[in-house]
Asker: 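The structure is given below, and queries will be raised subsequently.
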Amino acid sequence: MTKTTAAPAPGYRDLDRLMSLMTGDEKHGPAATSTLDALWVLYDRVLRVAPETADAPDRDRFLLSKGHGPMAYYAVLAAHGFFDEELLAGFGSYDSPLGHHPDRLLVPGAEIGSGSLGHGLPLAVGTALGLRAQGLTGPRVWVLTGDAELDEGSNHEAIAYAGPAGLDQLHTVVIDNASASYGRPGGIAARFATAGWSVASVDGRDHEALFAAFTAPHPGQPRAVVARVAPKR
């Protein structure tokens, strides 16, 4: 009788290999790789969601607002078993479910269709309000945005609303790779803090710093983590 052992699940060191399977134009490589570490820490150590619970009412929700650069997102989802890594090679092709912008109807594990800048944070606010209205206080809502996305007026409205509303189920990760067109007095973190959010600013490549910022208590306040990164080349 021959015993077989299952191959180990891909880990962080496999992400470069998984991303290398995705080829073609319009990859938005720097936009994608700047999110890689934050996404990995979230899915590996923080988010309470898995392939078998992707539709469970009490799951955590993750919304990728920075959907124009989804390569790292797809690699992390594949590494955690949401779909087979063989799909990665078809990225962006006509018959692939993995488009240049994620489609929630095609990508297992995706909560929203995204890519047009500025929509994810308002959608996350609405998701948190919906959970509150249903009495579902356990699930957490996470949204990942880019620094340049915060130039969009819809994000300013969402930030201004969520703090006074006390949406403590809401968490925003801002990838700050210095791509924003307009500066903000005091920086990105100050914009959230002024609106009543709990805020941390960390090195976006430091996994322990990210984990600590993601899991710090913030009763009665939404949480914003500004992850400063220089994109991998």
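The structure presented is a predicted model; accordingly, all values stated were derived computationally and were not measured.
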Asker: Quick one: salt bridge (charged side-chain N to carboxylate O under 4.0 Å, His left out) pairs with a partner in residues 105-126, sequence neighbours left out?
Answerer: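 Every salt bridge (charged side-chain N to carboxylate O under 4.0 Å, His left out) pair that includes a residue of residues 105-126, provided the two are not neighbours, is R59-E111.
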Asker: Is there a path of hydrophobic side-chain contacts, each under 4.5 Å between heavy atoms of I, L, V, M, F, W or Y residues, that connects L136 with V125?
Answerer: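 L136 clusters together with V125.
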Asker: Do D37 and H207 have side-chain atoms, one donor and one acceptor, less than 3.5 Å apart?
Answerer: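 There is such a pair between these side chains.
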Asker: Taking only residues two or more places apart in sequence or in another chain, which ones pass salt bridge (Lys or Arg N to Asp or Glu O under 4.0 Å) with D176?
Answerer: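 With sequence neighbours excluded, D176 shows a salt bridge (Lys or Arg N to Asp or Glu O under 4.0 Å) to no residue whatsoever.
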Asker: Is the shortest heavy-atom distance from the side chain of T33 to the side chain of M19 under 4.5 Å?
Answerer: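 Answer yes - side chains close enough.
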Asker: Taking side chain as C-beta onward, heavy atoms only, is V107 less than 4.5 Å from F82?
Answerer: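 No, every pair of side-chain atoms sits at 4.5 Å or beyond.
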Asker: Can you find a pair of side-chain heavy atoms, one from V41 and one from F214, that are under 4.5 Å apart?
Answerer: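 Yes, their side chains come closer than 4.5 Å.
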Asker: Going by the side-chain contact (heavy atoms from CB on, under 4.5 Å) test, name the single residue among D58, T53, D60 that passes it with R48.
Answerer: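 Single pass found, and it is D60.
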Asker: Among the clusters formed by ILVMFWY side chains lying less than 4.5 Å apart, do L170 and I112 turn up in the same one?
Answerer: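 Yes: a chain of side-chain contacts under 4.5 Å links L170 to I112.
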Asker: Can you get from L117 to F62 by hopping between Ile, Leu, Val, Met, Phe, Trp and Tyr side chains that sit under 4.5 Å apart?
Answerer: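 No; tracing contacts between hydrophobic side chains, which count when under 4.5 Å, never links both residues.
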Asker: Under the criterion side chain to side chain donor-acceptor pair (under 3.5 Å), I'd like the reasoning laid out for Q169 against T137: C-alpha separation, chi angles, the key distance, then a yes or no.
Answerer: CA-CA 8 Å; Q169 288 173 265; T137 59; over 6 Å; no
Asker: Suppose the criterion is salt bridge (charged side-chain N to carboxylate O under 4.0 Å, His left out): which pairs have a residue in residues 208-222, not counting sequence neighbours?
Answerer: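 Qualifying pairs, neighbours excluded: R45-E208.
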Asker: Would W197 and D168 count as a side-chain contact (heavy atoms from CB on, under 4.5 Å) here? Give the steps.
Answerer: CA-CA 9 Å; W197 290 58; D168 54 8; over 6 Å; no
Asker: Would you call the rings of H171 and W142 parallel, tilted or perpendicular if under 30° counts as parallel and over 60° as perpendicular?
Answerer: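 Ring orientation of H171 relative to W142: parallel.
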Asker: Report the C-alpha separation of L150 and F192 in whole Å, then their side-chain angles, then the decisive distance to 0.1 Å, and conclude whether the side-chain contact (heavy atoms from CB on, under 4.5 Å) test is met.
Answerer: CA-CA 11 Å; L150 297 184; F192 283 88; 4.0 Å; yes
Asker: Between the side chains of R223 and T172, does any donor sit under 3.5 Å from an acceptor?
Answerer: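 Side chains of R223 and T172: no pair found under 3.5 Å.
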Asker: Under 4.5 Å between side-chain heavy atoms, hopping through other hydrophobics if needed: is there a path connecting Y12 to L210?
Answerer: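 Yes; tracing contacts between hydrophobic side chains, which count when under 4.5 Å, links both residues.
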Asker: Decide whether L36 and M22 are clustered together by the hydrophobic rule: side chain heavy atoms of Ile, Leu, Val, Met, Phe, Trp, Tyr closer than 4.5 Å, transitively.
Answerer: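 Yes.
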Asker: Tell me, with the steps shown, if I175 and R228 meet side-chain contact (heavy atoms from CB on, under 4.5 Å).
Answerer: CA-CA 6 Å; I175 302 298; R228 306 178 308 272; over 6 Å; no
Asker: Using ring centroids (six-membered ring only for Trp), state whether W40 and H80 fall under 6.0 Å.
Answerer: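 Aromatic pair counts; centres sit under 6.0 Å.
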